[in-house]
Every structure is written in structure tokens, then in C-alpha cells.
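In this text, all values refer to a predicted model and were calculated from it rather than measured experimentally.
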Amino acid sequence: MVRELSKIKDVEIPDFLKAYLEKGHKNQTIYKTRTDEENSKLAYLLQQAYDCFKWVQENRVSLDSVAFQHLKRLLEEQSVETEEGVVIPVDGKKISPQSLQNPSDPDAPFRYKAGHNHVGSVLNLVEVHDPEKELGLIMHADLKENRHSDAEFGEEFVTHHPLSEKIQTLAVDGAYFRQETIEKAEEKDIEMNFSQMTGRNVSDTDIGVNQFEIDKDTHKITRCPKGYEPTFSVYDSEKKVYTAKFYKQHCNQCPLKEFCQVKEQKKAFHISFSESKRKTDEIRSKIGSKRHKELSNYRAHRLF
């Protein structure tokens, strides 16, 4: 804002702002600030910003400038004026992620992800790859606020993009996993490969719930991994949850009991899992296979 004022003819910069025109003020103000000085310096700079804002208003100069609008927005979003006219910073936890982070990119939001602070936008690329010619071509780029998740990018592409009607395989990172995306991919006969998955992996000995046999028409569990039929089976179509009960004598004598996800109850062994859980276990069961390793060698987000 001060530099903006210095460009205006016949405007004399007030003394308390002249220091910001000096060559080394940025290093002194930002880079040479010790950790124990951060809070006091922030309060001081906010007060300076407020005094600058009031001076511009009173002198009615540069009110329509972008710099002034940014200054106004900064004070409105990240400070509070007391009854004494003192400006104090808003608690960082109460500042909206949509608040002004950098005047060079005023629409860039703030996001905390994977232990790091991120300011700006996020770019998602889709590359078509020819495995025979070993050539790739970026066919789609999507720029969004950095609050936009990988899972949202994946679902939007598979659901709406015309290219999703022409591809056979989609190789992505595990962060793109979403139940709706998988369902839409299945409708379009797209093979999806997730290079990694968050959470617990299905080990070589664990039995994933995907190994329970499901009737395609009724969506009920019809057999356990060992082949036993349930005494009771129901599917909640609204919540997409499978539930079944099995005879105790079958489960107690089953060699897979130790590795199965059924739970013992008073009269039977019980299991209940969601469609999302079933799909997750199905995907996890493929991790480490030759096909999975082959597809995971491609950068997320690649398809061919």
C-alpha cells in the first residue's frame, strides 16, 4: 500500500510509513524476526496497517486501488479493533481458510495437509499413456482451490469428463479413493488401480470381507469364504450395509476362524460391513500383485 501511495503525484507519505519504502525493510521486518518476537511484531504491523488504512481514508487517496482493497480485506478478516482504537490480531484458529493469504493471489485459500501449511491452488493433471510407444500426453488439467481434495478430483473426472468414456484403465494414488468414484468406474468398465491405500492393509493371512460371496440380485451374503451358508442375511440398501449370521458349529470348526472378520455372539457368529469396506478390502487384496505393481509405476494420475 505504501509503495502504491508513493507513485501518486503530490501525495506526501506520512513519517510513520516512510520506513516501508527503504530497501531493506522486508529483511528487517520478516526474515530477521526472532521466534520470541513474532507475536509482538505481528501486533505492531497490524497496528501500522490500520493506521495506514485510516490515513488513506481520511486523505481520500487511492481508495479504488487494488492495494487498498487488499489492505481493507486483511484488516477485516484478521484483526479486531478495540474501543480504544487499538487493533489486535484474531486468534489463528478463528481465521477462515478463505482469508487473504497473499495479495499476489488473493483467491488462494489456506490449507493444513500432511503436517504442512499450504497456500495457493492445486492442479490435477490427467495423462493418457501409450504403453506400446511408451509415450504420454496430458489431456486434461483442472485448477482448483487447494481445499479441493484428490478424491473430489477423481470423482469429478470419472463422473463427468468425456475422456472417462474412452479409457480402460485409470491408475491413481490412494488419496483418490472414494466409493462413488469406484461405482461410476464400474458402470463405465474402467479398471481402477490405487497405488497406495491409507489405513490397515489386508495381510497375507487376513481374510478381507470381499471374500464373502454376494448375490448380484439381492445383494445379500450367500456364503462365507469357506463356503458355509448363513442362517440369516440382509442388505440395507439405504446405508449399503451387508449383515449375516452363521452357525456356531460351522465357525468353531472352521480353519479360517482365526483370520475371519466374523464376531462371536451368544447364539451365532455375526458379520456386518459396508459396501465401501468391501471395495476397500478388494482393492487392498490386489496390492503387491504383478498387475498392481505394473500400474503403480505410473504417476498418479495416469490412464491408458
Side-chain angles (χ1 to χ4, degrees), residues 122-144 148-199 201-202 206-225 227 233 235-242 244 273-304:
V122 59
L123 177 64
N124 188 67
L125 301 175
V126 179
E127 179 182 2
V128 172
H129 183 71
D130 186 330
E132 295 182 0
K133 297 181 180 180
E134 295 187 354
L135 295 175
L137 180 65
I138 294 176
M139 297 291 291
H140 173 65
D142 195 3
L143 184 68
K144 291 284 197 313
H148 207 74
S149 69
D150 292 340
E152 289 174 312
F153 274 123
E155 182 180 358
E156 290 165 1
F157 173 78
V158 173
T159 304
H160 302 295
H161 200 282
L163 193 58
S164 67
E165 304 290 344
K166 302 177 181 180
I167 63 175
Q168 296 177 333
T169 303
L170 182 59
V172 298
D173 184 79
Y176 286 81
F177 178 83
R178 179 173 279 183
Q179 181 65 32
E180 292 78 6
T181 306
I182 295 174
E183 290 176 357
K184 183 58 65 173
E186 288 179 345
E187 290 178 12
K188 298 183 177 183
D189 292 325
I190 300 173
E191 176 190 8
M192 289 201 70
N193 183 85
F194 298 89
S195 59
Q196 296 176 338
M197 293 289 289
T198 58
N201 288 331
V202 176
D206 288 337
I207 297 176
V209 298
N210 61 296
Q211 294 190 42
F212 283 80
E213 188 175 314
I214 308 294
D215 185 276
K216 293 182 179 180
D217 296 323
T218 64
H219 301 288
K220 293 181 179 180
I221 297 173
T222 57
R223 294 182 185 274
C224 74
S233 184
Y235 175 70
D236 187 327
S237 59
E238 183 177 347
K239 296 181 179 179
K240 296 184 178 180
V241 172
Y242 304 88
F273 54 86
S274 66
E275 174 64 8
S276 178
K277 168 65 174 172
R278 189 177 75 86
K279 288 295 183 184
T280 301
D281 280 6
E282 181 179 357
I283 292 168
R284 290 187 190 282
S285 67
K286 298 176 182 178
I287 293 177
S289 66
K290 182 179 179 180
R291 178 63 171 169
H292 176 265
K293 291 179 179 178
E294 175 189 352
L295 294 175
S296 297
N297 286 332
Y298 295 97
R299 294 193 310 270
H301 190 229
R302 278 192 177 182
L303 45 107
F304 57 87

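Between Met192 and Ile182, the closest heavy-atom pair is SD-CA, 4.4 Å. Across Ser296 and Ser195, no two heavy atoms sit closer than the pair OG-CA, 3.4 Å.
In this structure, the side chains of Phe157 and Thr181 stay at 4.5 Å or more apart for every pair of heavy atoms. Side-chain contact between Leu170 and Asn193 is absent, with no heavy atoms from C-beta onward closer than 4.5 Å. No side-chain heavy atom of Glu156 sits under 4.5 Å from any side-chain heavy atom of Asn124. Using a 4.5 Å heavy-atom threshold, the side chains of Val126 and Met139 count as separate. At least one side-chain heavy atom of Arg178 sits less than 4.5 Å from a side-chain heavy atom of Ser149.
A perpendicular orientation is assigned to the rings of His161 and His140, their planes being inclined by more than 60° (bins at 30° and 60°). Using bins of under 30°, 30° to 60° and over 60° for the plane-to-plane angle, the ring pair Phe194/Phe177 lands in the perpendicular bin.
To the nearest 0.5 Å, the span separating CD1 on Ile190 from OG1 on Thr169 amounts to 9.0 Å. With rounding to the nearest 0.5 Å, the separation of CD in Glu275 from CD in Gln179 is 5.0 Å. Between the CD atom in Glu155 and the CD atom in Glu180 there is a gap of 5.0 Å [rounded to 0.5 Å]. From Asp215, atom CG reaches atom NZ of Lys220 across 9.0 Å, with rounding to the nearest 0.5 Å. Taken from CG in Leu137 to CD in Glu127, the straight-line distance is 7.5 Å, to the nearest 0.5 Å. Atom OH of Tyr235 and atom OH of Tyr242 lie 4.5 Å apart (nearest 0.5 Å).
Separation of the Phe153 and His148 ring centroids falls under the 6.0 Å cut-off.
Ser233 places no side-chain N or O within donor-acceptor distance of the main-chain N or O of Thr222, the cut-off being under 3.5 Å. Side-chain atoms of Ser164 come within 3.5 Å of backbone N or O of Val158 as a donor-acceptor pair. Counting only distance, with no hydrogens or angles, the side chain of His129 and the backbone of Leu135 share a donor-acceptor pair below 3.5 Å.
A salt bridge is defined here as a Lys NZ or Arg NE, NH1 or NH2 lying under 4.0 Å from an Asp or Glu carboxylate O, and Glu152 with Lys144 fails to meet this definition. In summary, Lys240 and Glu183 engage in a salt bridge, as defined by a charged side-chain N under 4.0 Å from a carboxylate O.
Counting non-hydrogen atoms of other residues, nucleotides and ligands closer than 6.0 Å to NZ of Lys188 gives a total above 12.
Among Lys277, Lys279, Arg278, the one residue that satisfies the salt bridge (Lys or Arg N to Asp or Glu O under 4.0 Å) test with Asp281 is Lys277.
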